Amino acid sequence: MWMVNLRVTSNARRVALVLAVVLILGFLLLPGQLQSVFQGVGGPLGWIISWPLSAVAGVHDRIAGVWGGYVALQGMEEENRQLKRELELLKEQNVQLRESAAATERLATLLEFKKQALPSLIAAQVIGRDTGNWYKTIIVDKGASDGVLPDQGVITPAGVVGRIVKTTASTAVVLLVTDPNNAIAGLIQRTRDEGIVEGTTQGQARLKYIPLLSGARPGDRVVTSGLVEGFPRGLAIGTITRIDKEEEALFQSAELTPEVDPSRIEEVLIIQSSLAPTEKERLSMPRHKP
Amino acid sequence: MKTLLYGVIIVGIVPVQSVLLPHLTLWGVKPDLGVVAVCLIGLISGELDGLLVGVAVGWALSLFSAQDVLTGAMLKGGLGFVAGLAGRQMVYLSPLVLVLGLLVVSCLVGLVTPVVLKLSPQQDLWWAVWNVALPQACLDAVIGGAIYWLMWSQFNIEQLMSESRM
C-alpha cells in the first residue's frame with residue numbers, strides 16, 4: 001500500500017475561498033467580459049486538447065474500421081457503404097433537380113433568372129460528440145485556422161447537418177439540426193411555404209409557423225429557404241411525416257424526419273461562403289433604377 | 001506529480017468524454033466524468049484543488065460542447081469547491097456513502113444546469129430530470145463509486161483525506 005501526500009494548508013483554503021468569491025462576483029457582475037476572456041484564452045487550451053482528441057478519434061476509427069471491415073461481414077460492409085454513398089448522391093441530385101424544376105418554372109415567369117453559384121465547401125471529418133448531455137453536437141477536425149467560423153452551415157451530400165457554434169484553432173463544434181436549440185429557415189419544396197425548422201427532444205425535427213392555408217402533406221420535402229446566414233437555398237433538411245393542426249392556432253406545424261442521420265455521420269462539408277447571395281442579402285441589396 | 005496528474009485529467013477527459021463515452025450510454029445519456037473527477041479531487045485534496053481543477057475541467061469540456069464556456073467552468077469549479085468543503089467535514093467516507101453522495105450531487109447539478117443554460121422551452125425541468133439528470137446521476141454514481149473503491153483498496157484513503165483536511 002502506498003500513499004500520495006495531497007495536503008491542503010489553511011493558506012490554500014483562504015486562497016480557494018478568495019478565488020471562489022472572485023469567480024462568483026465575476027460571473028454575476030461581468031458575465032460577458034469573463035465569457036470572452038475564457039473563450040479567448042481557451043484557444044491554446046483547445047489546441048492542446050485537440051491533439052489527444054484527434055489521436056483517440058483516430059484509434060477509435062481504426063478499431064471501428066477493423067470491426068466493421070473484418071469482424072462484421074467483411075464484403076457486405078464495403079458494398080453497403082458504396083451503395084449508401086451512391087444513394088446519398090442520388091438523393092441530393094433528386095433534391096437539386098426538384099429544386100431546379102420548381103425554381104425554373106417560377107423564375108422563368110418572372111424573367112429574372114439568376115444562376116446560383118455553388119458555395120465554397122470545406123471537407124471535415126467527425127472526431128467526436130458533445131462532451132455533455134444537454135446539446136446534440138458533433139466535433140469536426142477543422143477549426144478557425146482552416147477558415148471555419150461560427151454560424152457557418154454544415155451539410156453532407158444528403159442534406160443539412162447543422163451549424164457551427166464554436167471553434168478552436170483546429171476543431172469546431174456543430175449544433176445538429178435535431179437539437180431543440182437550433183433553428184434553420186426552411187421551405188416546403190412543393191408548396192413554397194416557409195417556416196422555421198427546429199430540433200425536437202426525440203431527435204427529430206419540426207417545421208413551425210406553416211400558414212394555415214398551406215396544402216402541405218406528409219411526404220413533402222423541406223429544404224433550406226436561404227433566409228438565414230450559412231445556408232444557401234435548396235439544401236434538403238427532411239421529409240414531412242405528420243402535420244399538426246391545432247384548433248384556433250394561427251399556424252400549423254409539421255414533424256420532419258431529417259435527411260441526415262446524425263448518429264451515422266462520418267464526414268461533413270462546411271459551407272465556407274456562398275457566392276450566390278442569400279434571400280436576406282438579396283432583399284437588402286440596393287436596386288438600380290433605370 | 002500532482003500537477004501532472006491534474007494536467008492529464010484535464011487534457012484526457014475531453015477525448016474520453018467525446019469519443020469513448022458515447023458508446024457507454026444509458027437511455028442515450030452518457031456519464032459526466034468531469035463531475036466524478038472534480039468531486040473526488042475536491043473530497044480528497046480540498047477546496048483549492050477542487051476549485052481549480054473544476055474550473056479547468058469545466059472550461060476544457062465546454063470548449064468542445066455547445067454549452068457556454070463560463071457556465072461550464074463555474075459549475076464544475078463550484079462543485080469542486082463544495083466537494084472540498086464537504087470532505088473537510090467528514091471523518092470517514094465509505095464507497096457506499098460516496099455513491100449516494102455522487103448520486104445526489106450529480107442530480108442537483110443536472111437540475112441547475114438547464115436553468116443556467118437557458119435551454120429551449122422543449123427542455124423543461126421535468127424533461128431534464130427524467131431524460132438527463134437521473135440517468136446521468138446513476139452513471140456518475142456507479143463510475144465514481146468504482147473509482148473510489150479502487151482507490152480505497154489500493155491507497156490508505158482515510159489517512160490521505162485526514163491529512164488533506166488538517
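Labels below follow one simple rule: chain letters A, B, ... track the order of the sequence lines, proteins then strands, and each chain is numbered from 1. Small disclaimer: the values here were computed from a predicted structure and weren't measured.
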* To do: Measure A:Val56 against the heavy atoms of chain B and call it side chain, backbone, both or neither at under 4.5 Å.
  => both
* Leading residue by heavy atom contact count with chain B [cutoff under 4.5 Å; candidates A:Leu45, A:Val59, A:Asp179] -> A:Leu45
* **Between A:Ile139, A:Thr137, A:Val174, the one whose heavy-atom pairs under 4.5 Å with chain B are most numerous** => A:Ile139
* Asked: Checking A:Thr171 against chain B: side chain, backbone, both or neither under 4.5 Å from a heavy atom?
  -> side chain
* Residues of residues 95-111 of chain B contacting chain A, heavy-atom criterion under 4.5 Å, by residue number -> B:Gly110
* Asked: So do B:Val19 and A:Ile127 actually touch side chain to side chain, heavy atoms under 4.5 Å?
  -> no
* Shortest non-hydrogen contact between A:Asn181 and B:Gln123, atoms and distance -> ND2-OE1, 3.1 Å
* Toward chain B, the part of A:Thr200 with a non-hydrogen atom under 4.5 Å -> both
* Might you confirm whether atom CH2 of B:Trp127 has over 12 heavy atoms from other residues, nucleotides or ligands at distances under 6.0 Å? => yes
* Structure fact -> Applying a strict 4.5 Å limit to non-hydrogen atoms, the region of B:Leu21 in contact with chain A is neither
* Do the non-hydrogen side-chain atoms of A:Leu53 and B:Ser18 ever get within less than 4.5 Å of each other? -> yes
* To do: Return the option, out of A:Ile138, A:Asp130, A:Asn182, with the maximum number of heavy-atom pairs under 4.5 Å with chain B.
  => A:Asp130
* Structure fact -> Looking only at A:Ile48, A:Leu23, A:Leu17, A:Thr167, most heavy-atom pairs under 4.5 Å shared with chain B are made by A:Leu23
* Structure fact -> Interatomic distance, OH@A:Tyr135 vs OG@B:Ser120, rounded to 0.5 Å, equals 10.0 Å
* Determine, step by step, whether B:Asn131 and A:Thr201 satisfy the side chain to side chain contact (heavy atoms under 4.5 Å, CB included) criterion, reporting the C-alpha distance in whole Å, the side-chain angles of both residues, the deciding distance to 0.1 Å, and the verdict. => CA-CA 9 Å; B:Asn131 291 282; A:Thr201 50; over 6 Å; no
* Flag side-chain contact, heavy atom, 4.5 Å: A:Arg129 against B:Gln17 -> no
* In terms of heavy-atom proximity below 4.5 Å to chain B, should A:Leu175 be classed as side chain, backbone, both, or neither? -> side chain
* With a 4.5 angstrom heavy-atom cut-off, which part of B:Leu117 approaches chain A: side chain, backbone, both or neither? -> both
* Asked: Of all of B:His23, B:Gln136, B:Met74, which one pairs up most often with chain A through heavy atoms under 4.5 Å apart?
  -> B:Met74
* Are B:Val11 and A:Trp51 side-chain neighbours, meaning at least one heavy-atom pair lies under 4.5 Å? -> no
* Indicate the atoms forming the closest heavy-atom contact of A:Gly132 with B:Lys30, along with that distance. => O-NZ, 3.1 Å
* Could you name the residues of residues 57-73 of chain B that have a heavy atom within less than 4.5 Å of a heavy atom in chain A? -> B:Trp59, B:Ala60, B:Leu61, B:Ser62, B:Leu63, B:Phe64, B:Ser65, B:Ala66, B:Gln67, B:Asp68, B:Val69, B:Leu70, B:Thr71, B:Ala73
* Name the region of A:Leu19, side chain, backbone, both or neither, that has any atom closer than 4.5 Å to a heavy atom of chain B. => both
* Asked: Measuring heavy-atom distances to chain A, does B:Val55 have an atom under 4.5 Å in its side chain, in its backbone, in both, or in neither?
  -> side chain
* Structure fact -> Under 4.5 Å to a heavy atom of chain A? For B:Val116 that would be side chain
